[in-house]
Structure formats: C-alpha cells, structure tokens
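Beneath this line is the structure, given in structure tokens, with notes to follow.
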Amino acid sequence: MAIKDKVVIITGASSGIGEATAKLLASDGAKVVLAARRTEKLAEIVETIKQAGGQAAYQVTDVTKQKEVENLVEFALKEFGGVDVIFNNAGIMPTSPVSALQVDQWKKTVDINLMGVLYGVAAVMPIFTKQKYGQIITTSSVAGLKSFAGSGIYGATKFAVKNLMEVIRMESAQEGTNIRTATLYPAAINTELLGTITDKAAKERMTAHYEKVGITPDAVAR
C-alpha cells in the first residue's frame, strides 16, 4: 500500500514508537493523526511535522474510554476526509510477579493494552467494512510470543492482541471486507515504557536489560 496521502491514526503517539512512526510516515506523505493524553507533547510533535512539510493533527485521547476513541476517529474523518489505517500503539508495561498481587495495575494494563486496542478496532470497523479496505496495525510484544517470568499480566494482554489481530484477518477474508492486520512484536525498545513499572526489583532488572540490548524506536518505525 502506498503511504502518500493515506490517513493514519496513531495512539500512544506522544513518545517512543508512536512518535517515531508519526514522523516517519508524515515524511513519506501520510496524513497523520496523533493521539495520546499529553497535550503539550502532541502539539510539539505536530508542529515539528508541519515545519518539516508534513501533514498532521492531534486529538487528546484516553484509550481506556471508548467515547474518546470514537471521537478520535471522527476527528480524523473531519480533519482529513477519511481513515485508511489505525495504529493501536498505546500501552504500558507494569511488570511484576503475579504473587505481588498488584491487582490495580492488572486492571490498568488490561484497560490500556487490550481494551484500548478493542476500542480502536470498534471505532474503525464500520468505516473499513463500508469502504471495503483499511489496515489495523497493533503493537504486541515479544512477550506476546514467549512467556517471561514477571510479565504474566502484561504478556497476557499481548498474547490476546496477537490472537485478536489474527482473528480479524481471518474474518475479513471470510467476509470479503479486505481489512488487513499487522502485529508488531518489539523486544527491548528504549522508550518511556520502563517508567510504567512500579515494582522496584522488576524495574531494576528490566532497566539493566534495556541498557544492554535496547534499540531506538526509529528501528520499529521503519
């Protein structure tokens, strides 16, 4: 699919993989709609893209709230006249042993990493079904392919995303709607994700690992 003039919605776009992807796609001619919760960061990134000659807009969005995700898609339609791609990238990684029983963190992880993706799918599905094309890209994780001690809940959400994207792809083929899916499985990417870990031991372990093998978000964006 050619990138030029495609309208691409990106959640989790105020930093990391989302920010890098927005800048790269815009430089290739896409019309990008950035979504996250931090207004100042979004405004700054959009301004940078525009100064470089790209087309971009932003909508402050909490992906745990279905109505806000619906409003995001409506905003993209009004701003650029359509939607071709949604990149469900928003996520957190508060890793800890299951025995630590950080139940509040479990719920938050599921709300952002899984329900946030589902709300994105629900918001674009009627549009993609009607126009009989569209692409849903979602950030899973290497923890969505392999089980890691300390990542039980995080990994569960990422395994769920893997299955969801596969099922959408299969159902689209059966229904003839031409909706494509793509799932990314990053490993150690140097983003703000480590900042979402509240368990001290887990954070120290993950930080040491990332310092050894971490790569930049640009690698994923490309």
Side-chain angles (χ1 to χ4, degrees), residues 1-14 17-19 21-22 25-26 28-37 39 42 46 49 54-92 107-140 144 156-185 221:
M1 182 177 74
I3 294 173
K4 185 173 173 55
D5 293 328
K6 297 298 182 183
V7 179
V8 184
I9 297 171
I10 304 173
T11 67
S14 62
I17 293 171
E19 177 184 357
T21 301
L25 290 178
D28 286 335
K31 301 172 183 177
V32 293
V33 178
L34 286 70
R37 291 174 293 182
T39 306
L42 290 172
V46 165
I49 289 172
Q55 298 183 73
Y58 74 88
Q59 174 92 335
V60 175
T61 305
D62 181 346
V63 298
T64 69
K65 295 178 170 58
Q66 185 175 6
K67 184 60 179 175
E68 291 195 17
V69 180
E70 291 172 350
N71 290 343
L72 168 64
V73 174
E74 290 173 6
F75 171 77
L77 288 170
K78 291 176 182 177
E79 190 74 15
F80 292 122
V83 178
D84 299 291
V85 182
I86 187 166
F87 180 15
N88 295 304
N89 172 67
I92 58 172
K107 184 178 186 304
K108 188 175 182 181
T109 305
V110 171
D111 284 347
I112 295 175
N113 292 6
L114 180 55
M115 293 309 301
V117 172
L118 286 167
Y119 291 150
V121 170
V124 298
M125 186 66 77
I127 298 167
F128 288 178
T129 299
K130 183 178 180 180
Q131 65 194 22
K132 290 195 179 300
Y133 69 85
Q135 184 161 13
I136 302 170
I137 305 172
T138 302
T139 303
S140 177
T157 63
K158 296 304 186 176
F159 268 94
V161 162
K162 174 182 183 294
N163 180 72
L164 174 65
M165 292 299 102
E166 279 295 295
V167 170
I168 291 173
R169 179 186 62 79
M170 294 164 64
E171 291 179 347
S172 172
Q174 293 172 348
E175 296 164 4
T177 51
N178 303 310
I179 298 171
R180 303 167 62 197
T181 67
T183 311
L184 306 180
Y185 300 96

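Ile137 contributes atom CD1, which lies 8.5 Å from atom OG1 of Thr21 (distance to the nearest 0.5 angstrom). With values rounded to the nearest 0.5 angstrom, Thr183 atom OG1 is found 6.5 Å from Glu166 atom CD. A distance of 11.0 Å separates OG1 in Thr11 from CZ in Arg37, rounded to the nearest 0.5 Å. Going from atom NZ of Lys31 over to atom NZ of Lys4 covers 8.5 Å, rounded to the nearest 0.5 Å. The CG atom of Leu114 sits 9.5 Å away from atom NZ of Lys158, with the distance rounded to the nearest 0.5 Å. Between the CG atom in Asn113 and the CD1 atom in Ile92 there is a gap of 5.5 Å [rounded to 0.5 Å].
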Evaluation steps, side-chain contact (heavy atoms from CB on, under 4.5 Å), between Val121 and Met165: CA-CA 10 Å; Val121 170; Met165 292 299 102; 4.2 Å; yes
CA sep, side-chain torsions, deciding dist, call: Ile112, Val63, side-chain contact (heavy atoms from CB on, under 4.5 Å): CA-CA 6 Å; Ile112 295 175; Val63 298; 4.2 Å; yes
Working for side-chain contact (heavy atoms from CB on, under 4.5 Å), residues Phe75 and Ile9: CA-CA 10 Å; Phe75 171 77; Ile9 297 171; over 6 Å; no
Criterion side-chain contact (heavy atoms from CB on, under 4.5 Å) on Leu72 and Val33, from CA distance to verdict: CA-CA 8 Å; Leu72 168 64; Val33 178; 3.8 Å; yes
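When all heavy atoms of Ile179 and Ser172 are compared, the closest pair comes out as N-OG, 2.7 Å. For the pair Leu77 and Gly82, the tightest heavy-atom approach, listed with the atom from each and the gap, is CD2-CA, 3.6 Å. Residues Ser140 and Val161 come closest through the heavy atom pair CB-CG1, 4.2 Å. Residue Glu68 comes nearest to Asp62 through the heavy atom pair OE1-N, 2.7 Å, listed as atom of the first residue, atom of the second, then distance. Annotation for Leu34 and Ala56: closest pair CD1-CB, 4.4 Å, computed over non-hydrogen atoms. Closest heavy-atom contact between Ile49 and Ala26: CG2-CB, 3.4 Å.
A donor-acceptor contact shorter than 3.5 Å is absent between the side chain of Thr61 and the backbone of Ala36. Distance alone, capped at 3.5 Å, places no donor-acceptor pair between the Asn89 side chain and the Thr139 backbone.
At least one side-chain heavy atom of Ile3 sits under 4.5 Å from a side-chain heavy atom of Leu25. Looking only at side-chain heavy atoms (C-beta outward), Asp111 and Lys108 stay at 4.5 Å or farther from each other. Looking at heavy atoms from C-beta onward, Asn88 lies out of side-chain contact with Tyr119 at the 4.5 angstrom threshold. Side-chain contact between Leu42 and Val60: present, with at least one pair of heavy atoms (C-beta onward) separated by less than 4.5 Å. The closest side-chain heavy-atom distance from Thr64 to Met115 is not below 4.5 Å. Residues Gln135 and Asp84 have side chains not in contact (no heavy-atom distance under 4.5 Å, counting atoms from C-beta outward). Within the 4.5 Å cutoff, side-chain heavy atoms of Phe87 are placed close to those of Leu184. In this structure the side chain of Phe80 never reaches within 4.5 angstrom of the side chain of Asp5, judged on heavy atoms.
Remark: the Thr129 side chain and the Thr177 side chain contain no N/O donor-acceptor pair separated by less than 3.5 Å.
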